[in-house]
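Just so we're clear, the structure is a prediction, and the values are computed from it rather than from any experiment. In the text below, chain A, chain B and the rest are named by the order of the sequence lines, each starting its count at 1. Computed from heavy atoms alone, side chains included, the values below leave out hydrogens, waters and symmetry copies.
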There are 2 protein chains.
Amino acid sequence: MIGALKDRIRSAGLRVTASRVAVLELLNQTDRPLNHLEVTESLAHSTWDRATLYRNLMDLTEAGLLERVSLGSTWHFEAQDPDHASAHPHFVCTECGTVECAPEVTVTPSKKRIGPKSIRRGTVQVQLHGLCDDCV
Amino acid sequence: MIGALKDRIRSAGLRVTASRVAVLELLNQTDRPLNHLEVTESLAHSTWDRATLYRNLMDLTEAGLLERVSLGSTWHFEAQDPDHASAHPHFVCTECGTVECAPEVTVTPSKKRIGPKSIRRGTVQVQLHGLCDDCV
DNA sequence: ACTTTATTGCAACTTAGTTGCGTGAACTGT
DNA sequence: ACAGTTCACGCAACTAAGTTGCAATAAAGT
Ligand SMILES: [Mn+2]
Ligand SMILES: [Mn+2]
Ligand SMILES: [Zn+2]
Ligand SMILES: [Zn+2]
């Protein structure tokens, strides 16, 4: 379990440190993207510095083990593993800021060939901003 | 032209000041949302303070003449006038941060009744994040 | 075990966003 | 046109997210 995480970190060319394992394990156990603050709070029992966890998140992202996405007003990080489907839409509550995955939504460009080409190409991250069920 | 803007500001219960008129005129002439920094730079010829323009944006938003939307890493403001179609998707470049309107895109929820109700209700702001044509 | 080099902890810094407060400008009513 | 009232502005300070320099420390290769 954790051994597999260590292997993936090492295979990515990064040294295996306790904080990196903890960060990767946390995000693999969570079914939604977390931001830097949420990660530090989730690992508050330990003594790792904000900057350390920040660099862990950035290093793991650059190594391809996480994905960083701008959700709402902060950057969020999501595990990038074979299980979790790769690019899928996300929902952001404009009231409380909570984030959840919304893989069931599909986006259709118009027939007119206008706007950025990446939309037609399908290489875009989709976000839906609105009130969550708790905030309506 | 500007007289109409002044009327709309006054009708909204706000005092007509030079900076408010300038901010509202700028955003009515621009076909995409601007953030606070872009507004201050566009009006840099004048001497208005950042805080003044910030409060102008917030006041005009609260009055319903602008709409504030979290695009990319900053808040953006868009004119909310009868001409410009109301809620429409926006495209954000993940590389250079530029924003453009993408009214031609439609979003379809799945048949399964899962996820936040506002998606099915259609009361969500749609955002597409990807590389713009200049950044590919 | 030793050497090399990546990583950590700490503190400082940048930028976006926000607010308190005294001065000054916009409206209201005469 | 004028005075009084209230709102808005300018300035400076502040918070929070994100980021970085540097010396101390720990991981990997031998
Ligand atoms: Mn997700
Ligand atoms: Mn728009
Ligand atoms: Zn909510
Ligand atoms: Zn771009």
Side-chain angles (χ1 to χ4, degrees), chain A residues 2-3 5-24 33-63 65-66 68-77 92 94 96-97 99, chain B residues 2-3 5-24 33-63 65-66 68-77 92 94 96-97 99:
Chain A
I2 291 197
L5 293 182
K6 290 183 179 178
D7 289 346
R8 295 182 62 207
I9 294 173
R10 212 185 323 264
S11 309
L14 295 174
R15 291 186 181 175
V16 176
T17 65
S19 63
R20 278 178 181 162
V21 174
V23 166
L24 192 54
L34 301 181
N35 62 23
H36 178 214
L37 180 61
E38 290 170 322
V39 169
T40 59
E41 286 175 349
S42 297
L43 303 177
H45 53 85
S46 63
T47 64
W48 294 308
D49 191 76
R50 320 183 318 113
T52 297
L53 297 175
Y54 167 78
R55 283 190 272 232
N56 289 163
L57 290 167
M58 298 299 279
D59 294 341
L60 293 171
T61 298
E62 201 167 350
L65 304 185
L66 299 180
R68 184 173 89 146
V69 50
S70 175
L71 287 172
S73 50
T74 63
W75 288 105
H76 286 66
F77 298 85
V92 184
T94 51
C96 65
V99 169
Chain B
I2 292 197
L5 294 181
K6 292 184 178 176
D7 287 346
R8 296 182 61 207
I9 294 173
R10 213 184 322 260
S11 307
L14 296 175
R15 291 185 181 176
V16 176
T17 67
S19 64
R20 278 176 180 164
V21 173
V23 166
L24 192 55
L34 300 181
N35 62 23
H36 179 215
L37 179 62
E38 291 171 322
V39 169
T40 58
E41 287 174 349
S42 297
L43 303 177
H45 53 85
S46 63
T47 63
W48 293 309
D49 191 76
R50 315 181 324 109
T52 297
L53 297 175
Y54 168 79
R55 281 191 272 233
N56 289 162
L57 289 167
M58 297 300 280
D59 293 341
L60 292 170
T61 299
E62 201 167 349
L65 305 185
L66 300 179
R68 186 173 88 146
V69 50
S70 173
L71 285 173
S73 51
T74 62
W75 288 105
H76 286 66
F77 298 85
V92 184
T94 52
C96 67
V99 169

Closest heavy-atom pair, B/Glu38 versus B/Leu34, reported as atoms and distance to 0.1 Å, is OE1-CA, 3.2 Å
Review point. Is it true that a side-chain atom of A/Glu62 and a backbone atom of A/Asp59 form a donor plus acceptor pair closer than 3.5 Å?
Key: no
Minimal heavy-atom distance between B/Asn35 and B/Trp75, with the atoms involved, is CB-O, 3.0 Å
Taken to the nearest 0.5 Å, the spacing of B/Lys6 NZ from B/Thr17 OG1 works out to 10.5 Å
Quick tally for nucleotides 6-14 of chain D: nucleotides whose base has a protein heavy atom under 4.0 Å get B, sugar-phosphate-only ones S, the rest -, giving BBSSBBB--
What one should report as the nearest heavy-atom pair of B/Ala12 and B/Leu65 is CB-CD1, 4.4 Å
Between NZ of A/Lys6 and C1' of D/dA27 the distance, given in whole Å, is 12 Å
Under a 4.0 Å heavy-atom criterion, DNA chain C is touched by chain A from C/dT5 to C/dA11
Of B/Trp75 and B/Val16, the one whose nearest nucleotide on DNA chain C sits closer to the 5' end is B/Trp75
Worksheet entry | Short side-chain to backbone donor-acceptor contact, A/His36 and A/Arg50, under 3.5 Å | yes
A/Leu57 atom CG is separated from D/dA17 atom P, nearest whole Å, by 14 Å
Can you tell me if B/Arg20 uses its side chain to pair, donor with acceptor, with the backbone of B/Arg15 under 3.5 Å? yes
Tested for side chain to side chain contact (heavy atoms under 4.5 Å, CB included) against B/Leu57, the lone hit among B/Leu24, B/Leu66, B/Thr52, B/Thr40 is B/Leu66
